[in-house]
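These numbers were taken from a predicted model, which means no experiment stands behind them.
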Amino acid sequence: SFGFVLGYSSPVIPELRKISDPELRLDSNQASWFGSVVTLGAAAGGILGGYLVDKVGRKLSLMLCSVPYVFGYIVIISAQNVWMLYFGRMLTGLASGITSLVVPVYISEVSHPKVRGMLGSCVQLMVVTGILGAYIAGLTLKWRWLAVLCSFPSCIMLFFMSFMPETPRFLLNQNKHSEAIAALRFLRGPHGLNLSEFKNPSIYRPLLIGVALMFFQQVTGINAVMFYAETIFEDANFKDSRMASVVVGSIQVCFTAVAALIIDKTGRKVLLYISGIIMALSTALFGLYFKMVLPNQNNSSNPDVWFALNSASPGTESSISWLAVVSLGLFVAGFALGWGPVPWLVISEIFPLKARGISSGACVLTNWVMAFLVTKEFNDLGFLTSYGTFWLFSAFCCLNVTFTAFYVPETKGQTLEQIEAYFRRS
């Protein structure tokens with residue numbers, strides 16, 4: 001469901017920009033809002049999810065978020081103007097924010113330590129699979145029918161979650177011991193949280209690490225790079241830009257699957273190192289591409305990548321467009337291998353049970369607020385050139401690696417209790 005929400009805008013925006021109905025046709029500014037407003041809804045969903053996950057439980061929170069998913073798509077399907085499109089995207093974003101918080105928590109609490117890494121990474125695998133599914137469906141379906149299709153996964157989730165147990169940890173926290181024992185056949189402890197307890201290093205240290213991971217995940221520039229993926233492929237003479245999106249989505253799925261398969265063998269930190277280095281190199285290459293295409297851009301005050309590409313010297317960009325395509329492929333592969341799935345897995349592991357809801361909520365809020373800022377404001381970095389912007393992303397990727405080396409704990413093969421004990425000792 002979450003992946004379909006994120007993937008929906010890519011095939012739909014070009015269609016809505018060409019639609020004949022003036023009430024629904026998007027200009028460039030409205031298109032950017034249509035793509036990014038979902039992240040504002042997701043930020044609100046992160047806050048709401050942090051409350052729901054501790055008050056009504058993990059299972060019921062997931063079942064309830066099916067409502068804004070379906071209702072949001074109904075609003076989009078019946079949209080008569082742009083504001084209805086925005087509202088529908090906000091609702092599906094709200095549901096996505098709740099989902100992105102609750103699903104990792106549910107999986108971490110029901111998983112055995114030996115497979116928790118793989119199952120936790122499967123969250124990101126399912127997200128990118130949903131994005132790819134939306135891209136592929138967008139090749140043949142009109143935008144209203146694509147919205148109909150995107151509403152199905154949430155209905156399927158509602159159906160199957162009705163057969164799943166609540167996590168034993170939540171049930172024990174609610175003093176429902178018999179239900180916890182019953183749930184323990186599949187899966188697996190207890191008390192409330194006072195805000196004064198955030199003075200305790202065993203609570204605030206994992207919170208700071210989690211928030212930093214979410215911040216660094218977004219400032220790698222993933223949303224900015226993906227936003228201009230079609231432009232880059234068009235420059236490389238890929239005539240079907242929608243098919244190019246399918247290629248990008250396929251790379252994401254493949255490397256996220258690889259990460260899920262190897263994460264319990266390599267560990268979390270190794271993948272973050274490899275991922276960060278690949279992304280640093282690829283964004284540096286992106287910057288080099290724009291520097292070579294626009295050697296005189298120092299005199300330009302317009303950092304818009306669309307403007308940059310269109311104002312390049314004739315033939316210059318086409319002769320080295322392979323560099324942009326290689327950079328894009330490397331970047332997407334690197335992100336999918338580590339900084340895509342691993343931060344979500346780590347934040348589901350490092351928080352003590354009593355602080356898991358509020359801490360996870362803070363992390364999800366950070367992630368979606370940063371996603372909105374990077375997506376919406378990428379073109380407004382007026383003090384930077386196009387290549388300077390990508391070199392800034394490269395610098396952040398280098399900071400990611402440094403932060404991982406000094407502050408992120410390795411959680412491979414440890415139980416949640418052992419991870420909690422590590423923070424208490426340190």
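The CZ atom of Phe335 sits 13.0 Å away from atom CD1 of Ile278, with the distance rounded to the nearest 0.5 Å. Note that OG1 of Thr411 is 6.0 Å distant from CG of Leu345, once rounded to the nearest 0.5 Å. Remark: Cys65 SG to Leu158 CG distance equals 9.0 Å, nearest 0.5 Å. Annotation: the span from Leu64 atom CG to Met161 atom CE amounts to 11.0 Å, rounded to 0.5 Å. A distance of 10.5 Å separates CD1 of Ile203 from CZ of Arg424, quoted to the nearest 0.5 Å. With rounding to the nearest 0.5 Å, the separation of CG in Leu213 from CD in Gln218 is 12.0 Å.
For Ser202, the side-chain hydrogen bond (donor to acceptor under 3.5 Å, both in side chains) test picks out Asn200, with sequence neighbours left out. Applying the side chain to side chain contact (heavy atoms under 4.5 Å, CB included) criterion to Ala395, with sequence neighbours excluded, gives no partner residue. Remark: Asn400 pairs with no residue by the side-chain hydrogen bond (donor to acceptor under 3.5 Å, both in side chains) rule, at least two apart or across chains. In this structure Thr366 satisfies the side chain to side chain contact (heavy atoms under 4.5 Å, CB included) test together with Val211, Met214, Phe215, Met370, sequence neighbours excluded. A search for side chain to side chain contact (heavy atoms under 4.5 Å, CB included) contacts involving Ile47 returns Leu365, not counting sequence neighbours. For Val270, the side chain to side chain contact (heavy atoms under 4.5 Å, CB included) test picks out Thr266, Ile274, with sequence neighbours left out.
The nearest pair of heavy atoms linking Ser394 to Ala280 is OG-O, 2.7 Å. Here the closest non-hydrogen pair linking Phe170 and Val56 is CZ-C, 3.8 Å. A pairwise comparison of heavy atoms in Val253 and Leu125 identifies O-CD1, 3.5 Å as the closest pair. Between Ser108 and Arg116 the shortest heavy-atom distance is O-CD, 3.7 Å. Heavy atoms only, all atoms of each residue included: Ser61 and Val102 are closest at CB-CG2, 3.9 Å. The shortest heavy-atom contact between Met279 and Thr220 is CE-CG2, 3.7 Å.
Under the ring pair (Phe, Tyr, Trp, His ring centres under 6.0 Å) criterion, the residue pairs touching residues 397-426 are Phe216-Phe403, Phe403-Tyr407, with sequence neighbours excluded. For residues 32-43, no pair satisfies salt bridge (charged side-chain N to carboxylate O under 4.0 Å, His left out), with sequence neighbours left out. Pairs passing the salt bridge (charged side-chain N to carboxylate O under 4.0 Å, His left out) check and including a residue from residues 57-72, sequence neighbours excluded, read Asp54-Arg58, Arg58-Glu109.
At least one side-chain heavy atom of Ser250 sits under 4.5 Å from a side-chain heavy atom of Leu132. Counting heavy atoms from C-beta on, the side chains of Tyr69 and Ser96 come closer than 4.5 Å. You'll find the side chain of Glu349 reaches within 4.5 Å of the side chain of Leu416, heavy atoms only. Looking at heavy atoms from C-beta onward, Pro409 lies out of side-chain contact with Ile419 at the 4.5 angstrom threshold. Put simply, the side chain of Phe390 does not reach to within 4.5 Å of the side chain of Ser327, judged on heavy atoms. Annotation: side chain of Leu281 is not in contact with side chain of Phe286 (no heavy-atom distance under 4.5 Å). In this structure the side chain of Leu272 reaches within 4.5 angstrom of the side chain of Pro343, judged on heavy atoms. Residues Phe331 and Ile222 form a side-chain contact, since some pair of their non-hydrogen atoms from C-beta on lies under 4.5 Å apart.
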List the atom pairs, donor and acceptor, that lie under 3.5 Å between side-chain atoms in residues 255-265 and the rest of the protein, sequence neighbours left out.
from   : atom 1 : to     : atom 2 : distance (Å)
Thr256 : OG1    : Gln252 : O      : 2.6
Asp264 : OD1    : Gly117 : N      : 3.3
Asp264 : OD1    : Arg268 : NH1    : 3.2
Asp264 : OD2    : Met118 : N      : 2.9

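Counting only distance, with no hydrogens or angles, the side chain of Arg89 and the backbone of Val38 share no donor-acceptor pair below 3.5 Å. In this structure, the side chain of Ser360 does not engage the main chain of Gly357 through any donor-acceptor pair within 3.5 Å. Of the possible polar contacts, none joining the Trp368 side chain to the Leu40 backbone as a donor-acceptor pair under 3.5 Å is found. In this structure a side-chain-to-backbone donor-acceptor pair under 3.5 Å is missing from Glu420 to Ile350. The backbone N or O of Trp339 sits less than 3.5 Å from a side-chain atom of Ser275, completing a donor-acceptor pair.
A donor and an acceptor atom, one from each side chain of Ser348 and Tyr106, are nowhere located under 3.5 Å apart.
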Tell me, with the steps shown, if Val219 and Phe393 meet side-chain contact (heavy atoms from CB on, under 4.5 Å). CA-CA 7 Å; Val219 296; Phe393 290 148; 5.7 Å; no

Is there a side-chain contact (heavy atoms from CB on, under 4.5 Å) between Val148 and Trp145 once you walk through the steps? CA-CA 5 Å; Val148 172; Trp145 284 108; 4.2 Å; yes

side-chain contact (heavy atoms from CB on, under 4.5 Å) between Asn81 and Phe87, worked out: CA-CA 10 Å; Asn81 53 57; Phe87 182 56; over 6 Å; no

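Ion pairing between Glu417 and Arg169 holds under the 4.0 Å rule for side-chain N and carboxylate O.
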